[in-house]
Amino acid sequence: MKTSLADILSQHSVWRGGALAPGPGRTVPTGFATLDRELPGAGWPRGALTEILGQREGVGELQLVLPALAALSASGRRVVWLAPPHLPYAPALAAAGVDLEHLSVVRAPGRRDGLWAAEQVLRGGGCHALLAWFHDIRYAELRRLAVAAEAGQGAFVALFRPAQAAHEASPACLRIAFEPAPEGLAVRILKRRGALVARPLGIKIERPVHALGGASFPMPRARGPVARPCPA
């Protein structure tokens, strides 16, 4: 029996470069309808790397991921923060709906320690979201994290990196850049599986919260990676 081209293209396993790639069951909704409409699978990808690029920390980057983290933690899923630039502010996270019982913070004094910790978290399979801050990371190291994410049973992985990293090659399947806007954030999608978005997206933040403590709350230094174990 002959199969037409239309029949072949209608299959979920076939992707056309000009369209958003299908991804049923492989995403976490962002909580922002404007952003979900522009992302393959209508949410943050699971089992792959997402890069969030900004000029500096603490200017709204966490607003993009807090709804997803709140939904995951509320359903009993483990969330891990790796090497945040400041101590997370627990009352603000709780106000945003994040269940602190399901949040772990991993300290890493250096890049190599952070990479090792990230791989262990992802390959362990007991965590469902990893947020990691990397200022200096090489392509080969990003590729190792991408492989670990694929093996990590579908975790949502967000790497926060400086804005200048947009000029570097990356194996991440999704890369976005953001900057503060009058009513929230202006988000540019730099890379996705599908046609590029021509203009920035306006993400309205109804009740902004500051989930990262300021410079007066520095993350204490540690001699080596310290982590609370993630339950299976």
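Both backbone and side-chain heavy atoms feed into the values below; hydrogens, waters and symmetry mates do not.
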Peer 1: Do Ser73 and Leu103 have side chains that get closer than 4.5 Å, going by heavy atoms?
Peer 2: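 No. Closest side-chain heavy atoms not under 4.5 Å.
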Peer 1: Please answer: with hydrophobic residues joined when any side-chain heavy atoms are less than 4.5 Å apart, are Tyr139 and Val147 in the same cluster?
Peer 2: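 Tyr139 and Val147: separate clusters.
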Peer 1: Going from CD on Glu141 to CD on Glu119, what distance comes out if it is rounded to the nearest 0.5 angstrom?
Peer 2: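 Here the rounded value is 9.5 Å.
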Peer 1: Within the structure provided, determine whether Leu115 and Arg144 are in side-chain contact (heavy-atom separation under 4.5 Å).
Peer 2: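 No. Closest side-chain heavy atoms not under 4.5 Å.
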Peer 1: Of the non-hydrogen atoms in Ile205 and Gly184, which two are nearest, and what is the gap between them?
Peer 2: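 It is CG1-CA, 3.8 Å.
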Peer 1: Please answer: with hydrophobic residues joined when any side-chain heavy atoms are less than 4.5 Å apart, are Leu190 and Phe160 in the same cluster?
Peer 2: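 No, no single cluster joins them.
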Peer 1: Can you name the nearest heavy-atom pair linking Gly43 to Asp36, along with the distance?
Peer 2: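 Looking at all heavy atoms of both residues, the closest pair is CA-OD1, 3.6 Å.
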Peer 1: Minimum heavy-atom separation for Ala186 to Ala181, with atom names?
Peer 2: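 It is N-CB, 3.8 Å.
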Peer 1: Using 0.5 Å steps for rounding, measure from the NE2 atom of His128 to the NE2 atom of His102.
Peer 2: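 Answer for the NE2-NE2 pair, His128 versus His102, is 11.0 Å.
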Peer 1: Side chain of Arg175, backbone of Leu53: donor and acceptor closer than 3.5 Å?
Peer 2: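 Such a contact is absent between Arg175 side chain and Leu53 backbone.
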Peer 1: Treating Thr27 as the side-chain partner and Gly41 as the backbone partner, does any N or O pair qualify as donor plus acceptor under 3.5 Å?
Peer 2: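 A pair under 3.5 Å: yes.
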Peer 1: Check whether Arg192 reaches the backbone of Glu38 with its side chain - one donor and one acceptor, N or O, closer than 3.5 Å.
Peer 2: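 At least one qualifying donor-acceptor pair exists.
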Peer 1: Counting neighbours of CD on Glu168 that are heavy atoms of other residues, nucleotides or ligands and sit closer than 6.0 Å, is the number greater than 12?
Peer 2: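 For Glu168, atom CD is crowded (more than 12 foreign heavy atoms under 6.0 Å).
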Peer 1: To the nearest 0.5 angstrom, please state how far the NZ atom of Lys191 sits from the CG atom of Leu196.
Peer 2: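 The CG atom of Leu196 is 11.0 Å from NZ of Lys191, to the nearest 0.5 Å.
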Peer 1: What closest approach, in Å, do Gly154 and Arg46 show between heavy atoms, and which atom pair accounts for it?
Peer 2: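 Scanning both residues, the minimum pair turns out to be O-NE, 2.8 Å.
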Peer 1: How many angstroms lie between atom CG of Leu185 and atom CD of Glu61, to the nearest 0.5 angstrom?
Peer 2: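 So the CG of Leu185 and the CD of Glu61 are separated by 9.0 Å.
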Peer 1: When you compare the side chain of Leu62 with that of Leu93, does any pair of heavy atoms fall below 4.5 Å?
Peer 2: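 Leu93 vs Leu62: side chains apart.
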Peer 1: What orientation do Trp81 and Trp133 show, parallel under 30°, tilted 30 to 60°, or perpendicular over 60°?
Peer 2: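 Geometry flag for Trp133 against Trp81: tilted rings.
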Peer 1: Evaluate the side-chain proximity of Leu64 to Ile52: yes if any heavy-atom separation is below 4.5 Å, no if none is.
Peer 2: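 The answer is yes; the side chains approach within 4.5 Å.
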Peer 1: With a sphere of 6.0 Å drawn around CZ of Arg111, does it hold more than 12 non-hydrogen atoms of other residues, nucleotides or ligands?
Peer 2: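 Enclosed: over 12 neighbouring heavy atoms sit under 6.0 Å from CZ of Arg111.
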Peer 1: Are Leu39 and Ile189 packed together at the side-chain level, in the sense that at least one heavy-atom pair is separated by less than 4.5 angstrom?
Peer 2: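 Counting from C-beta outward, Leu39 and Ile189 do come under 4.5 Å.
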Peer 1: Please examine the side chains of Thr34 and Lys204, heavy atoms only from C-beta on, and report whether any two atoms are closer than 4.5 Å.
Peer 2: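 They are not in side-chain contact.
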Peer 1: Do other residues, nucleotides or ligands put more than 12 heavy atoms under 6.0 Å from Arg123 CZ?
Peer 2: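 Buried by this count: over 12 neighbours within 6.0 Å.
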Peer 1: Just wondering, do Arg78 and Ser104 contact through their side chains at under 4.5 Å, heavy atoms?
Peer 2: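 Result yes, sub-4.5 Å side-chain heavy-atom pair found.
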Peer 1: Between Leu72 and Ala129, which heavy-atom pair has the shortest distance, and what is it?
Peer 2: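 Shortest heavy-atom separation between Leu72 and Ala129 comes out as CD1-CB, 3.7 Å.
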Peer 1: Decide yes or no for Leu145 and Ile137: does some side-chain heavy atom of the first lie under 4.5 Å from some side-chain heavy atom of the second?
Peer 2: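 A side-chain contact under 4.5 Å exists here.
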Peer 1: Mind listing the closest non-hydrogen atom pair of Leu122 and Ala155 along with its distance?
Peer 2: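 Distance-wise, the nearest heavy atoms are CD2-CB, 4.2 Å.
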Peer 1: Decide whether Leu201 and Phe178 are clustered together by the hydrophobic rule: side chain heavy atoms of Ile, Leu, Val, Met, Phe, Trp, Tyr closer than 4.5 Å, transitively.
Peer 2: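 As far as the 4.5 Å side-chain criterion goes, Phe178 and Leu201 are connected within one cluster.
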Peer 1: Looking at Leu142, Leu131, Thr50, Leu82, which hits side-chain contact (heavy atoms from CB on, under 4.5 Å) with Leu159?
Peer 2: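 It is Leu142, the one option of Leu142, Leu131, Thr50, Leu82 that forms the side-chain contact (heavy atoms from CB on, under 4.5 Å) with Leu159.
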